[in-house]
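Every value quoted in this text rests on a predicted model; they were computed, and no experiment measured them.
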Amino acid sequence: MNVLLTGGMGYIGSHVAVVLLQAGHHVVLYDNLCNSEIETLARIEQIAGVRPTFIQADIRSAKALTDALKHHAIETVLHFAGLKAVGESAINPVDYYANNVGGTVSLLEAMRETGIRSLVFSGSATVYGEPQYLPLDEAHPLCATNPYGRTKLHIEEMLRDLSASDPLWRIVCLRYFNPVGAHESGLIGEKPVGTPNNLMPYIARVAAGELKELSVFGNDYPTPDGTGVRDYIHVMDLAEGHMAALGWLTGHPGCHAINLGTGQGYSVLEMVKAFASASERDVPYQIAPRRAGDVAACYANPEKALKELGWQAQRGLPDMCASTWKFVSSRPEGRG
Ligand code: NAD
Ligand code: UD1
């Protein structure tokens, strides 16, 4: 199949690209490199043995997108491009609405123009807001608690409106829980710019000796050890979930939401312990106040993905930590 990945040079898109190339799909990566590097292209090629087509352009250009879709006879779009930092979204909400919502409108215009009606969207478990019950299934009420989350919710709503207006659309919103880990080669992975906001990249930089210690945001939550619990999912499992969704979409018109999570929650302290063990390094930490906007626990009910897509996560926490460590410690700045 000819597929176009907006944001395909980023953390999740690059892993999905590898899996799709290895399955024989023709892959076009469409990215403006605002949060990724050109070197990723050669690394994807090194792993997959095939070089994907790369187009450096912005999703807010419907013209450039239309040209790309036509020129490569694209059949399905996987839409990863977007800005994703929660804190930054509260400081620059307009950038988030312009890039995430505006960029998606322009993508949908280009798809309408070219008659492509098949879309896999990178959604987020952030659309569930504060959990009213656990585990979170797709019927849980939706609510956004910050501008980033609101862009994800607006986009999902837009996609549901679109699907209601035209039965030919086939759309799946994959709601990711907490993607972590890296390809087993250590060649591609998550490389946040500046100090990481998310737990796993922060722990990895502490283990590498680049940051002094981890601040554990709160140890008085109603969880077994008092620290926050999340559903961490290996990025390669996530990538395989996209592959499954791509095949499934062919026979499923409409707009569907499907969780991609493991169903298993781990606390911050469990993450620290697992990472220290995988890296054989100390991960010093101190207990700090709760982070504003955090919830005690968040994990998926992954049954719909199994029932519909025939997919479930295969990789465990040791693998998530070991692959992250391999990626981080193989970078020159990560050798500590
Ligand atoms: P990422 O920043 O690594 O990748 C996004 C890619 O999109 C980058 O390569 C960036 O250069 C590109 N991009 C951004 N704006 C663009 C634009 N206007 N035009 C063209 N390219 C553009 O992020 P990621 O972690 O790979 O996330 C991918 C998607 O998954 C995002 O939509 C994100 O919101 C969503 N998501 C991520 C997580 C997570 O924890 N990583 C969790 C839930 C949902
Ligand atoms: C965060 C975002 C969420 C986004 C997700 C992507 C916030 C409030 N939420 O979720 O919208 O979809 O990333 O993966 O930013 N922690 C520490 N110390 C740290 C960093 C984190 O103790 O330095 C704790 C947090 O309090 C939380 C857990 O680690 O309990 C996971 O945090 P993080 O990786 O930031 O993910 P989320 O908060 O789940």
Side-chain angles (χ1 to χ4, degrees), residues 2-21 25-48 50-72 74 77-89 91-92 94-107 109-111 119-122 124 148 151-152 155 176 179 182-183 185-198 201 205 235 238-239 242 327-328 330-334:
N2 296 337
V3 293
L4 182 135
L5 279 59
T6 73
M9 294 283 275
Y11 171 45
I12 299 170
S14 58
H15 289 81
V16 174
V18 163
V19 169
L20 296 179
L21 286 165
H25 293 289
H26 176 235
V27 174
V28 177
L29 307 178
Y30 184 104
D31 199 305
N32 66 1
L33 300 182
C34 73
N35 197 35
S36 46
E37 304 170 333
I38 191 66
E39 289 73 32
T40 302
L41 193 61
R43 290 168 174 237
I44 293 171
E45 180 182 11
Q46 199 178 334
I47 301 168
V50 193
R51 193 175 181 84
T53 303
F54 173 57
I55 298 168
Q56 184 171 352
D58 199 293
I59 51 165
R60 285 165 291 179
S61 168
K63 165 85 174 70
L65 270 169
T66 305
D67 290 348
L69 296 173
K70 274 190 194 153
H71 186 73
H72 296 282
I74 296 300
V77 175
L78 290 91
H79 180 31
F80 300 95
L83 304 176
K84 62 168 183 175
V86 173
E88 187 187 65
S89 78
I91 296 165
N92 297 320
V94 176
D95 287 355
Y96 274 68
Y97 285 109
N99 203 72
N100 295 6
V101 181
T104 304
V105 170
S106 124
L107 170 65
E109 283 169 350
M111 291 178 74
L119 177 69
V120 179
F121 171 61
S122 292
S124 169
Y148 163 72
T151 67
K152 289 288 170 194
I155 294 168
Y176 312 154
H183 187 267
S185 62
L187 287 169
I188 54 173
E190 186 175 18
K191 212 171 169 184
V193 178
T195 307
N197 297 310
N198 296 119
R205 300 260 307 261
V235 68
L238 203 67
H242 286 73
F327 175 68
V328 169
S330 61
R331 292 184 292 123
E333 64 272 36

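Counting heavy atoms from C-beta on, the side chains of Phe54 and Leu33 come closer than 4.5 Å. Here the side chains of Ile59 and His79 are in contact, with some heavy-atom distance below 4.5 Å. By the 4.5 Å heavy-atom criterion applied to side chains, Asp31 and Ser36 are counted as neighbours. Residues Glu37 and Lys191 have side chains in contact (heavy-atom distance under 4.5 Å, counting atoms from C-beta outward). Between Ile12 and Ser122, every side-chain heavy-atom pair lies at or beyond the 4.5 Å cut-off.
How far CE of Met9 is from CD1 of Ile188: 10.5 Å, rounded to the nearest 0.5 Å. Taken from OG in Ser185 to CD in Gln46, the straight-line distance is 7.5 Å, to the nearest 0.5 Å. Remark: Arg60 CZ to Leu107 CG distance equals 13.0 Å, nearest 0.5 Å. Once rounded to the nearest 0.5 Å, the distance linking NE2 of His15 with CD of Glu190 reads 9.5 Å. Atom CG of Asn32 and atom CG of Asn99 lie 7.0 Å apart (nearest 0.5 Å). Here the straight-line distance linking atom CZ of Phe327 with atom CG of Leu187 works out to 9.0 Å at 0.5 Å rounding.
Glu88 and Tyr148 share no donor-acceptor pair across their side chains, judged by distance under 3.5 Å alone.
Considering all non-hydrogen atoms of both residues, Gly13 and Leu5 come closest at O-CD2, 3.6 Å. Closest of all the heavy-atom pairs between Tyr30 and Ala64 is OH-CB, 3.4 Å. Looking at every heavy atom in both residues, Glu109 comes nearest to Ala62 through OE1-CB, 4.1 Å. Counting all heavy atoms, side chain and backbone alike, Gly7 lies closest to Phe80 at O-CB, 3.9 Å. The minimum heavy-atom distance linking Gly189 with Ala182 is given by the pair CA-CB, 4.0 Å.
With hydrogens and angles disregarded, a donor-acceptor distance shorter than 3.5 Å links the side chain of Asn100 to the backbone of Leu83. Proximity of a side-chain donor or acceptor of Thr151 to a complementary backbone N or O of Val101 within less than 3.5 Å is not detected. Within the 3.5 Å criterion, the main-chain N or O of Ile74 finds no donor-acceptor partner in the side chain of His72.
In summary, of the residues considered (Leu4, Ile44, Thr53, Ile55), a side-chain contact (heavy atoms from CB on, under 4.5 Å) with Leu29 occurs for Ile44 alone.
Taking the ring centroids of His242 and Tyr176, they lie under the 6.0 Å cut-off.
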Quick one: do Leu78 and Val16 satisfy side chain to side chain contact (heavy atoms under 4.5 Å, CB included)? Show the steps, please.
CA-CA 9 Å; Leu78 290 91; Val16 174; 4.1 Å; yes
